Amino acid sequence: MFEISEIMGFLPHRFPFLMVDRILEAEPGKRIVGIKNVTINEPYFQGHFPGHPIVPGVLLVEAMAQVAAVLVFLTEGERVNVEEKVSYFMGIDKVKFRKPVVPGDQVRFELEVTRHRGSIWAFKGRAFVEEKLVMEGELLATFVDRRQPASLIGEGSEG
């Protein structure tokens, strides 16, 4: 549905921090499916772990969040410009890692919107390798004007 060049139009991330290779499915405002192809060339494998490379869990969470951000930009359309808006994590809950992700794996991220109010979005996500659940969790994020001071994020938002 969307290749890497199109994804780069939705996300401000670039190598080595762009962690979405393709969007397979998207229902604006509801759900999205994206993939990350894991190769031995990923820069973090030099130190995580030499002789036993596994994808750091925090980077799986980041990849899931990037897929979620694509859904927000698809949903909001013209109202959200990647040059003007930035996303911030507000919460990461109930994250569980079920199986290590290693070079050669293709991770399929499936996310659904569980709540959306104003600039705040909540998602439930799962990650699979060959139909096996490798990670799951809930994400809470906000999308704000890049010029807004980070210290104001969350003030006056829902609790």
Side-chain angles (χ1 to χ4, degrees), residues 1-39 42-44 47-48 55-98 101 106-129 133-159:
M1 178 173 214
F2 293 104
E3 302 295 325
I4 191 69
S5 60
E6 296 165 298
I7 293 167
M8 290 171 64
F10 295 118
L11 299 176
H13 306 81
R14 296 297 179 261
F15 179 83
F17 216 69
L18 180 59
M19 299 184 183
V20 182
D21 292 313
R22 185 173 292 147
I23 299 298
L24 301 177
E25 304 171 28
E27 289 180 58
K30 295 183 179 183
R31 62 181 292 277
I32 192 165
V33 177
I35 62 169
K36 164 68 178 157
N37 296 308
V38 180
T39 72
E42 308 287 349
Y44 44 82
H48 200 267
V55 177
V58 67
L59 294 183
L60 290 172
V61 173
E62 175 62 28
M64 183 177 282
Q66 288 182 19
V67 173
V70 171
L71 181 59
V72 171
F73 285 106
L74 286 172
T75 302
E76 296 290 329
E78 296 289 320
R79 294 185 304 205
V80 177
N81 180 327
V82 71
E83 300 296 324
E84 297 172 5
K85 296 287 184 179
V86 66
S87 61
Y88 290 108
F89 273 130
M90 295 179 71
I92 304 167
D93 296 311
K94 299 180 184 171
V95 173
K96 291 186 171 55
F97 301 99
R98 305 293 186 183
V101 175
Q106 182 179 71
V107 185
R108 177 183 172 103
F109 295 97
E110 299 179 1
L111 288 100
E112 63 183 57
V113 175
T114 57
R115 196 171 71 243
H116 171 218
R117 188 177 194 194
S119 65
I120 298 174
W121 292 75
F123 304 90
K124 182 175 183 179
R126 298 179 303 162
F128 299 89
V129 171
L133 183 66
V134 296
M135 185 195 87
E136 61 187 322
E138 298 173 2
L139 307 175
L140 187 64
T142 187
F143 291 76
V144 298
D145 188 313
R146 284 181 179 268
R147 295 177 300 267
Q148 181 175 345
S151 62
L152 297 178
I153 305 304
E155 289 184 17
S157 63
E158 66 182 44

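For this chain, numbers begin at 1 and follow the sequence in order. Fair warning: this is a prediction, and the values are worked out from it, not measured in the lab. Reckoned from all heavy atoms, side chains included, excluding hydrogens, waters and symmetry mates.
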Considering non-hydrogen atoms only, spot the tightest contact between [X] and [Y] and give its length.
{"X": "S87", "Y": "F143", "result": "CB-CE2, 3.2 Å"}
{"X": "F2", "Y": "I7", "result": "O-CD1, 3.9 Å"}
{"X": "A127", "Y": "V107", "result": "CB-CG1, 3.8 Å"}
{"X": "E42", "Y": "V38", "result": "OE2-CA, 3.9 Å"}

Inset, instruction - Among R98, K94, K96, K124, find the residue that satisfies the side-chain hydrogen bond (donor to acceptor under 3.5 Å, both in side chains) test when tested with E136. - result: R98

Inset, instruction - Test F97 against every option in V55, V134, V61 by the side-chain contact (heavy atoms from CB on, under 4.5 Å) rule and name the one that passes. - result: V61

Short side-chain to backbone donor-acceptor contact, [X] and [Y], under 3.5 Å:
{"X": "H116", "Y": "G118", "result": "yes"}
{"X": "T142", "Y": "Y88", "result": "no"}
{"X": "Q66", "Y": "F17", "result": "yes"}
{"X": "R115", "Y": "I120", "result": "no"}

Legend entry - Gap between atom CD of E112 and atom CG of L71 - 0.5 Å precision: 11.0 Å

Legend entry - Distance in Å, E27 CD paired with T75 OG1, rounded so as to fall on 0.5 Å steps: 10.0 Å

Inset, instruction - State, yes or no, whether a side-chain contact exists between R22 and E3 at a heavy-atom distance under 4.5 Å. - result: yes

Legend entry - Any L24 side-chain heavy atom under 4.5 Å of M1 side chain: no

Legend entry - Check against side chain to side chain contact (heavy atoms under 4.5 Å, CB included), I4 and L18: CA-CA 9 Å; I4 191 69; L18 180 59; 3.4 Å; yes

Inset, instruction - Flag yes if more than 12 heavy atoms outside R31 fall under 6.0 Å of its CZ atom; otherwise flag no. - result: yes

Inset, instruction - Go through the steps for I32 and F123 under the test side chain to side chain contact (heavy atoms under 4.5 Å, CB included), then give the verdict. - result: CA-CA 10 Å; I32 192 165; F123 304 90; over 6 Å; no

